[in-house]
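See below for the structure under consideration.
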Amino acid sequence: NKPCTLAEAVTIIATQRHCHAIDFNLGCPQERARTGMFGSYLLDRTHWPLVFECVSAMVTALQPNIPLYCKIRLIDDSAGILPTTKEFCSGLCEQGVQLVCIHGRTRGSVKRRRCGPADLMAVNEIAQYIHDSFPASSIRVLSNGNIYDTRDAMDCLNCSRLHCWGVMSAEGVLRNPAIFERLQVIPDIVCEGRSRVDASGGYDDSNDVYLTSSNDTSSEIAEKAMEKGHKSLISFNEEGSQADLLSLFVEYCMLSEAYREAGGWALQDAYDATKKGVNGGNGAGRQVDVARQHLSWMLGKSGHGRLVRYKYGLVNGGGGSCLTKDGYEKHVHILRDLNEATCIEDLLIIARKCLVEAFPGVREIDHPSNEIQNQNKSI
């Protein structure tokens, strides 16, 4: 929350070749954000002058090459949620923010951050206000909240397409890293620069996006897309089998490795190393940390710490480690192995153990690994 420190930080980040924009997160409701006075705790009206000073300092440091984005929540104030949030967004836009992502919930309390569904209609109304108040600018709005799967994302886009430019997902992406890839094969979506599907379905060659009719099954979508050269595993069913989940995680690991080889994880790895007083690595540490989180959510994670539970991986009479062949006996055993994994190969062993090996009748899907790896060389 110090303007000079933030300006210096964004200047350093902007030199990285993978940086296309910088996001100022004013949405975090966690206890550590309250203690450190950042995130959603800067949304209180008393802190607005400081926030606008921070934003101005970062925009000045970044101009003209890299835009500054800002994520916020709905602001609960005595003047009313909608008027207050609109007023705050006006301040951000006046200071030079190019995109505002709005989470459709207020901060709530530390223990009840998600009481009820996000109010996406409120987000849409604020987006319309920004559009009407700054007609000559290119300021855009993202809608955030309730985006747990591809259908949620599609519904949100259709609900807010007149004013919101797109959607942001957090836990939904952790559970399904392909959530946005699959948006390109779900019917009746309007995306900027892309044509809308007609009743019979069609293929938009100019954007390499397959558009389908709502009567297509996932397998039919996959077959049609493959005929057009679409290589991703878009046949994944978000409420599908354990083999589907394993196949998706395998593909994610391949993409993650290609990204690491291109230097994509190196910045965060260097930052972590600096905090520990050691030399930065090649990004492998951060790569494993992120893959660990994906796998934990894909195994049906709920709860935290000692109360964590998993949907997949437990069998009666199972052992306490993935080194055994009879599955896991307790949720904590899965959590322990996940936390102790040191490489992608360890995580793949855990994934196969939880999703396939311990369950008779479940077989791993043949994965077009060579084809996908060859495709990834251009990433």
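Just so you know, these numbers come straight off a predicted model, no measurement behind them.
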Could you tell me which residues satisfy side-chain contact (heavy atoms from CB on, under 4.5 Å) with Phe38, sequence neighbours excluded, listed by chain and number? Arg32, Ala33

Can you name the residues that form a salt bridge (charged side-chain N to carboxylate O under 4.0 Å, His left out) with Arg309, not counting sequence neighbours? none

Roughly how far apart are Glu261 CD and Gln287 CD, rounded to 0.5 Å? 9.0 Å

Side-chain donor/acceptor of Ser247 to backbone N/O of Ala243, under 3.5 Å: no

Test salt bridge (charged side-chain N to carboxylate O under 4.0 Å, His left out) applied to Asp77 - qualifying residues, sequence neighbours left out: Arg45

side-chain hydrogen bond (donor to acceptor under 3.5 Å, both in side chains) pairs, two or more places apart, involving residues 50-61: none

Residues passing the side chain to side chain donor-acceptor pair (under 3.5 Å) test with Gln128, sequence neighbours excluded, are none

Residue set satisfying side-chain contact (heavy atoms from CB on, under 4.5 Å) with Val59, at least two apart, ordered chain then number -> Val55, Gln63, Leu68

Sorted by chain and number, sequence neighbours left out, ring-ring contact (aromatic ring centres under 6.0 Å, His included) with His331 holds for none

Quick one: list whatever passes side chain to side chain donor-acceptor pair (under 3.5 Å) with Asp44, sequence neighbours left out. Arg107

Return the CD1 to CE distance between Ile147 and Met154, rounded to the nearest 0.5 Å. 11.0 Å

Side chains of Asn176 and Tyr148: any donor to acceptor distance under 3.5 Å? no

Rounded at 0.5 Å granularity, tell me how far SG in Cys19 sits from CD1 in Ile13. 7.0 Å

Check whether the ring centres of Phe134 and Tyr129 lie less than 6.0 Å apart, and answer yes or no. no

Contacts of Leu348 that satisfy side-chain contact (heavy atoms from CB on, under 4.5 Å) - sequence neighbours left out: Phe249, Val250, Cys253, Ile344, Arg352

Please name all residues satisfying side-chain contact (heavy atoms from CB on, under 4.5 Å) with Val308, sequence neighbours left out, ordered by chain then number. Lys301, Tyr310, Leu335

Residue list, side chain to side chain donor-acceptor pair (under 3.5 Å) with Thr5, at least two apart or on another chain: none

Nearest 0.5 Å, please: how far is CD in Glu345 from CD1 in Ile350? 12.0 Å

Could you list the residues that satisfy side chain to side chain donor-acceptor pair (under 3.5 Å) with Lys71, not counting sequence neighbours? Asn144

